[in-house]
Number of protein chains: 2
Amino acid sequence: MEKQQYLTKNQQIVLDLVEKSSEPLKAYSILFNVQKKGLKAPLQVYRALDKLVEIGKIHKIESRNAFVACKNSSCQVSKATAFSICESCEKVTEINNSKLSKYLTNFEDNSGMKYNKYNLEFFGLCKKCKNK
Amino acid sequence: MEKQQYLTKNQQIVLDLVEKSSEPLKAYSILFNVQKKGLKAPLQVYRALDKLVEIGKIHKIESRNAFVACKNSSCQVSKATAFSICESCEKVTEINNSKLSKYLTNFEDNSGMKYNKYNLEFFGLCKKCKNK
DNA sequence: AACAGTGTGTAATAATATAACAAATAACAA
DNA sequence: TTGTTATTTGTTATATTATTACACACTGTT
């Protein structure tokens, strides 16, 4: 049996909100939106976010300080993440490409480091914004 | 002739500091260290950092909110960056691997997006920390 | 000189994130 | 059941990271 099979109340509230969102959410925007549900302080949100990231239910878009729900159902942990980010409309999509993930998971250089995790962010213009 | 051939005084002061450092520097640590040189306010540091990042002299380690000098002499702009980060000692190294950069620069998926930039961060344990 | 573009200095403030502590709850063995 | 440990919660305060706004100065044009 895995540990942390069920989410706590606060974690579930935060996850529900992030999952319903079509765009990355910032921590304080989450806070504002869950205040009616009883989460009053930043720390309550950050603690829930930390846990959700740890177990792979959500990912942090580092370049944007924002959070998105994991769209990859097989993703139990956030060990190998890749995103595309439109620099115009800020749309973020999780990239699910097995070739890419295989390539990066197996990547080795001569540094002697053993990599167990990576995060990749691609930037560009999405289809819509390209045609403007 | 390229534009912005020379750095301004503030930019040079910040760049010198970052280049001398053996580890990523945080913005406010930079501020503290350049106050004797006359840069008194955060904004002076952030403006210099923004410009230096833009022209590729330094890179931002997004997951750490810290800055490192570019070690790749041919790197004029920060369009394609990859780093290895030790999760124990926080040592950060810029990865300079032509196969990797070629693979990522040419990466395409079926999203219709045209990528013009990426940032990749690998995490793990460095040689030293692995053997502890 | 007038201008445009860029950089500067300064103060104030916004946005993001964590520390510290006490209390409540869950997990589970003695 | 009790004791023990770990986790989660609630709360206040504070630390850290980053930007807005505005007046002015410098540089290179036209």
Side-chain angles (χ1 to χ4, degrees), chain A residues 1-18 21 23-55 57-68 78 87 90 92 119 121, chain B residues 1-18 21 23-55 57-68 78 87 90 92 119 121:
Chain A
M1 190 81 92
E2 294 290 330
K3 73 172 184 180
Q4 182 65 35
Q5 188 171 13
Y6 300 107
L7 299 177
T8 68
K9 191 179 113 249
N10 288 0
Q11 290 160 10
Q12 192 64 57
I13 290 170
V14 170
L15 178 59
D16 285 348
L17 182 70
V18 176
S21 173
E23 55 188 15
L25 292 179
K26 302 253 189 176
Y28 275 69
S29 150
I30 293 171
L31 174 59
F32 179 82
N33 277 283
V34 297
Q35 276 178 335
K36 63 193 73 130
K37 307 235 175 182
L39 282 82
K40 292 177 198 156
L43 196 46
Q44 294 174 290
V45 170
Y46 278 105
R47 285 198 281 226
L49 287 172
D50 283 351
K51 191 69 183 187
L52 291 167
V53 166
E54 184 191 325
I55 64 178
K57 291 287 189 184
I58 64 174
H59 304 302
K60 182 172 187 181
I61 309 300
E62 292 287 356
S63 65
R64 299 296 186 263
N65 296 321
F67 299 85
V68 294
S78 296
E87 291 183 300
E90 292 294 326
V92 170
N119 179 54
E121 297 181 1
Chain B
M1 193 82 92
E2 296 288 331
K3 74 172 181 179
Q4 183 64 36
Q5 188 172 13
Y6 300 107
L7 300 177
T8 67
K9 191 179 113 246
N10 288 1
Q11 291 161 10
Q12 192 64 58
I13 290 170
V14 170
L15 178 58
D16 286 347
L17 184 69
V18 176
S21 173
E23 56 187 13
L25 291 179
K26 304 253 190 177
Y28 275 70
S29 149
I30 293 171
L31 174 59
F32 179 81
N33 276 283
V34 297
Q35 277 178 335
K36 63 193 75 133
K37 307 236 177 183
L39 282 83
K40 292 176 196 156
L43 195 47
Q44 295 173 289
V45 170
Y46 278 105
R47 285 199 282 224
L49 287 172
D50 283 352
K51 191 68 185 189
L52 291 167
V53 166
E54 185 191 324
I55 63 177
K57 291 288 190 182
I58 64 174
H59 304 303
K60 182 172 185 180
I61 308 301
E62 292 287 355
S63 66
R64 299 297 186 261
N65 297 319
F67 299 85
V68 294
S78 296
E87 290 183 301
E90 292 294 327
V92 170
N119 179 54
E121 297 181 1

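Each chain gets a letter, A, B and so on, in the order the sequences are listed, and its residues count up from 1.
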Point to revise | Nearest-Å distance for atom pair CD1/C1', residues B:Ile61 and D:dT17 | key: 16 Å
Exercise for review: Counting heavy atoms from C-beta on, name the nucleotide in C:dG9, D:dT19, D:dG10 closest to the side chain of B:Asn10.
Suggested key: C:dG9
Check your understanding: Nearest-Å distance, OH (B:Tyr6) to C1' (C:dG7)?
Key -> 18 Å
Practice item. Would you please confirm or rule out a distance under 4.0 Å between OP1 or OP2 of C:dT16 and any side-chain N or O of A:Lys60? Key: no
Review point. Between A:Leu52 and A:Leu7, is any pair of side-chain heavy atoms under 4.5 Å apart?
Key: yes
Practice item. Measure the distance from CG on B:Leu52 to P on C:dG7 and round it to the nearest whole Å. Key: 11 Å
**Study point:** B:Arg64 vs A:Lys9, nearer the 5' end of DNA chain D by closest nucleotide
**Key:** A:Lys9
Check your understanding: So, does the side chain of A:Tyr28 form a donor-acceptor pair with the base of C:dA17 at under 3.5 Å?
Key -> yes
Practice item. Using a cut-off of strictly less than 4.0 Å, decide whether A:Gln44 has a side-chain nitrogen or oxygen near OP1 or OP2 of D:dT9. Key: no
Review point. Side chain of B:Glu121, backbone of B:Glu62: donor and acceptor closer than 3.5 Å?
Key: yes
Exercise for review: Compare the minimum distances between each of D:dA18, D:dT20, D:dT11 and the side chain of A:Ala41, then state the nucleotide with the smallest one.
Suggested key: D:dT11
Check your understanding: Out of D:dA18, C:dT10, C:dA20, which has the shortest distance to the side chain of A:Arg47?
Key -> C:dA20
Practice item. Could you tell me whether a side-chain N or O of A:Lys60 sits under 3.5 Å from a main-chain N or O of A:Asp50, the two making a donor and an acceptor? Key: no
Practice item. Please state how far atom NZ in B:Lys51 lies from atom C1' in C:dT8, giving the value in whole angstrom units. Key: 14 Å
**Study point:** Protein-nucleotide distance (A:Leu31, atom CG; D:dT12, atom P), rounded to Å
**Key:** 14 Å
Check your understanding: Side chain of A:Lys57, backbone of A:Lys51: donor and acceptor closer than 3.5 Å?
Key -> no
Check your understanding: To the nearest angstrom, how far is B:Leu15 atom CG from C:dG7 atom C1'?
Key -> 17 Å
Check your understanding: So does A:Lys26 get a side-chain nitrogen or oxygen closer than 4.0 Å to the phosphate oxygens (OP1/OP2) of C:dA15?
Key -> no
Study note, to complete from the structure: Only one of A:Leu25, A:Val68, A:Val53 passes side-chain contact (heavy atoms from CB on, under 4.5 Å) with A:Ile58, and that residue is A:Val53
**Study point:** Nucleotide D:dT17, atom P - distance to CD1 of B:Ile30 in whole Å
**Key:** 11 Å
Exercise for review: Between C:dA17, C:dG9, D:dT8, spot the one nearest the side chain of A:Thr8, thanks.
Suggested key: D:dT8
Point to revise | Contact under 4.0 Å: B:Tyr46 side-chain N or O vs D:dA18 OP1/OP2 | key: yes
Check your understanding: At their closest point, which heavy atom of A:Val14 faces which heavy atom of A:Ala48, and how far apart are they?
Key -> CG2-CB, 3.7 Å
Check your understanding: Is C:dA30 paired to anything, Watson-Crick or G-U wobble with both distances less than 3.5 Å, and if yes, which nucleotide?
Key -> D:dT1
Point to revise | Distance, rounded to the nearest Å, where A:Asp50 contributes CG and C:dT18 contributes P | key: 7 Å
Exercise for review: Among D:dA21, C:dT18, D:dA18, find the nucleotide with the atom closest to the side chain of B:Asn65.
Suggested key: D:dA18
Point to revise | Side chain of A:Lys40 - closest among C:dA17, C:dT10, D:dT11 | key: D:dT11
